[in-house]
Each structure stands twice: as structure tokens, then as C-alpha cells.
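So you know, we letter chains A, B, ... as the sequences are listed, proteins then strands, and number each from 1.
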2 protein chains.
Amino acid sequence: MVTKPFTGSPKDEADLTRADSLAREIFSDLANKWALLIIDAIGNDTRRFSELRDEIEGISHKMLTQNLRTLERNGLVDRCVHPTVPPRVEYTLTEPGRALRVTVAGMCDWTHRYLGHIETARRGFGA
Amino acid sequence: MVTKPFTGSPKDEADLTRADSLAREIFSDLANKWALLIIDAIGNDTRRFSELRDEIEGISHKMLTQNLRTLERNGLVDRCVHPTVPPRVEYTLTEPGRALRVTVAGMCDWTHRYLGHIETARRGFGA
DNA sequence: CCGAATCCACAACGATACTG
DNA sequence: CAGTATCGTTGTGGATTCGG
């Protein structure tokens with residue numbers, strides 16, 4: 001549960017609501033079309049910007065940068081700029097990022113496992 | 001991985017790309033601000049519409065209905081209408097829904113565990 | 001109490017062009 | 001190659017209202 005059922009001292013309560021609102025913010029950052037896919041795409045490797053763009057079908061240059069910035073800001077990915085020419089920028093998951101990736105993988109597994117259920121559910125949804 | 005690295009026969013490939021595009025669709029349905037929170041809120045209980053709206057802070061009437069419809073369409077929740085007056089509509093998770101909830105719980109745990117990491121990462125992001 | 005439809009503000013996104 | 005900025009379009013989500 002993200003929302004907590006807690007009733008403690010004023011101080012504890014204030015801390016928890018602050019933490020809770022941050023949690024919601026993180027959740028919002030992750031609950032978008034691309035963030036989880038990017039995390040999955042980086043995996044345990046080191047990925048170049050252009051590799052990610054090629055790998056994640058349908059993502060635009062802009063969205064990739066934007067999401068990578070957000071992930072970097074939250075400390076989920078490390079960004080390494082090689083001062084060469086042409087530039088070479090590499091992204092890797094941090095420890096929190098790798099931890100999150102495990103649960104993302106769980107969601108991917110879930111998707112594949114229940115694809116059939118979902119298809120039949122959809123067909124029956126004309127009732 | 002949602003995107004597959006598979007190279008099989010033409011038929012298999014066609015099936016996989018179709019399955020893959022469906023997977024992406026499911027993913028999109030889930031990767032929004034509310035879907036995962038709703039799944040978490042229903043939990044193992046049976047929840048009324050108004051209970052959910054009260055419980056999920058900040059969600060609007062419209063978004064709740066809309067997301068519940070999508071979840072129902074994908075077979076993640078069951079919708080039970082009691083023909084009383086006033087109406088009483090209850091939602092419960094289906095088996096796939098409960099399975100997904102496990103991984104959602106994983107994400108919630110992750111959020112709480114790494115809240116500290118994220119806060120410090122954000123503070124260091126002025127460099 | 002619950003759901004659907006309308007209206008509208010605003011954020012998200014893609015395309016493009018420009019910089020280092 | 002990678003990033004930023006701008007612009008026009010699309011879509012998302014909230015408030016409201018009406019209907020069962």
C-alpha cells in the first residue's frame with residue numbers, strides 16, 4: 001500500500017505524509033508509458049543513447065531524453081559522458097534502478113503469462 | 001523484456017509481433033497514474049465505487065470509472081451490480097488481477113525502501 | 001449511488017531546427 | 001552523437017450536468 005493507515009504522533013504523522021507524497025511523486029514518475037520500458041531496456045548492461053532509441057520501438061528522441069533525465073534525477077540511472085568526438089553517452093542502472101528492474105521484470109512476466117486471459121476477457125466484453 | 005529478440009518461422013514471428021503489440025497495449029493500460037493504485041486499493045477485498053474514490057486520494061469520479069472500465073475490459077477486475085436503490089456496485093480482483101497485485105506490491109515496497117536514496121539523489125542533482 | 005456525456009484547460013508528445 | 005528549444009497538434013484529466 002502506498003497510502004498508509006497510520007495514526008501516530010503529530011511529528012510521525014507529518015513525516016509520513018511528507019514521505020507519502022514523495023512516494024506518490026515517484027510513482028507518477030514511473031507510471032508513464034516509457035519509464036519502465038527504459039529501465040527494462042538498459043537492463044544490466046551499459047547502453048548508449050542511440051542504442052536505447054533503436055531498441056525501444058516508437059520512442060522519440062525527445063521522450064527518451066526527458067525520461068532519462070527524470071530517472072537520473074531520481075537516482076535510478078547513472079549517466080556517463082565520454083568527452084570524445086563524436087560524443088558518447090552511456091547509461092547504466094544504479095543499485096535502486098536494478099532493484100526496481102526486478103519488479104518490472106515481474107510485470108513483464110505477468111503480461112506474457114496472462115495474455116491469453118486478457119484476450120478472451122476482451123472478446124467477452126461486448127455483453 | 002516486453003520486446004522480444006526472437007527470430008523464428010514467418011508464422012511464429014507474426015504471432016509474436018501480434019502478441020507483442022498486445023503486450024504493449026496492456027502495458028500502456030497499466031502504466032498510468034491510477035491503474036496500479038486502484039489494483040492496490042481493491043486488494044483482496046470487495047470494494048464499492050465510493051469506497052475506492054474515498055480511499056484513493058486525489059482521483060476524480062471520471063478517472064476512477066474510466067480506469068475501472070479498462071481494468072474490467074482486460075479481465076483484471078470483476079464488476080458486480082446490486083439491483084437495489086440506491087445502486088450498489090462492487091469491484092473485486094480476478095485471478096489475473098490478484099497475480100498482478102503481487103508485483104504491484106513489489107513496486108510499493110521498492111518505493112518505500114529506496115525513498116531515502118531518491119531524496120539524496122535529488123538533492124545532489126544540482127551539480 | 002453510480003455512470004455517461006459534455007466542455008475546456010492544460011500537459012504530453014512529435015517534428016523540426018539549431019548547438020557543442 | 002547527444003541535448004535543448006520552440007511550435008503546433010493531440011490527448012488527458014477535472015468540473016459539471018444529466019440520467020438510471
Practice task
Provide, to the nearest angstrom, the distance between the CD1 atom belonging to Ile38(B) and the C1' atom belonging to dG13(D).
Solution key: 13 Å
Exercise for the section: Look at the aromatic rings of His117(B) and Tyr114(B) and report parallel, tilted or perpendicular, splitting at 30° and 60°. Expected result: perpendicular
Practice task
Could you pick out which residue, Tyr91(A) or Trp34(B), lies toward the 5' side of DNA chain D when each is mapped onto its nearest nucleotide?
Solution key: Tyr91(A)
Problem - Asn67(B), Ile42(B), Ile59(B), Leu37(B) screened by side chain to side chain contact (heavy atoms under 4.5 Å, CB included) with Leu52(B), the one that passes - result: Ile42(B)
Completion exercise
Atom NE2 of His61(B) and atom C1' of dT16(D) are separated, to the nearest Å, by 11 Å
Practice task
Select from Ile59(A) and Ser50(B) the residue whose nearest nucleotide in DNA chain C is closer to the 5' end of that strand.
Solution key: Ser50(B)
Exercise for the section: Ignoring the backbone of Lys62(A), work out which of dC13(C), dT6(C), dC1(D) is nearest its side chain. Expected result: dC13(C)
Fill in the blank from the handout: Picking from dG14(D), dC1(D), dG3(D), the nucleotide nearest the side-chain atoms of Ser60(B) would be dG14(D)
Problem - Verdict with reasoning, Asn74(A) to Phe125(B), per side chain to side chain contact (heavy atoms under 4.5 Å, CB included) - result: CA-CA 9 Å; Asn74(A) 289 334; Phe125(B) 196 73; over 6 Å; no
Practice task
First locate atom CZ of Arg101(B), then atom CD1 of Ile39(B), and finally report the distance between them rounded to the nearest 0.5 Å.
Solution key: 10.0 Å
Exercise for the section: Check the distance between dT9(D)'s P and Met63(A)'s CE and give it to me in whole angstrom. Expected result: 18 Å
Exercise for the section: Give the nucleotide from the list dC1(C), dG3(D), dC1(D) with an atom nearest to the side chain of Pro87(B). Expected result: dC1(C)
Exercise for the section: Give the rounded distance in Å between these two atoms: CZ of Arg79(B) and P of dC2(C). Expected result: 10 Å
Problem - Single hit among Leu30(B), Ile38(B), Asp29(B) for side chain to side chain contact (heavy atoms under 4.5 Å, CB included) with Leu76(B) - result: Leu30(B)
Handout entry: Among dG3(C), dA2(D), dC1(D), the one nearest Phe49(B) by side-chain distance
Key = dG3(C)
Completion exercise
Here the distance between atom C1' of dG3(C) and atom NE2 of His82(B), to the nearest Å, is 16 Å
Exercise for the section: Determine the contact category for Arg53(A): base if any of its heavy atoms lies under 4.0 Å from a base atom, sugar-phosphate if only primed atoms, P, OP1 or OP2 are that close, otherwise nothing. Expected result: nothing
Problem - Side chain of Val89(B) - closest among dG14(C), dC2(C), dG3(D) - result: dC2(C)
Problem - Phosphate OP1/OP2 of dC1(C) contacted by Arg48(B) side-chain N/O (<4.0 Å) - result: no
Completion exercise
Here the distance between atom P of dG3(C) and atom CD of Gln66(B), to the nearest Å, is 13 Å
Exercise for the section: Rounded to the nearest angstrom, tell me the gap between atom CZ in Arg88(B) and atom C1' in dG20(D). Expected result: 18 Å
Exercise for the section: In whole angstrom, give the distance that lies between atom CD of Glu90(B) and atom C1' of dG3(C). Expected result: 17 Å
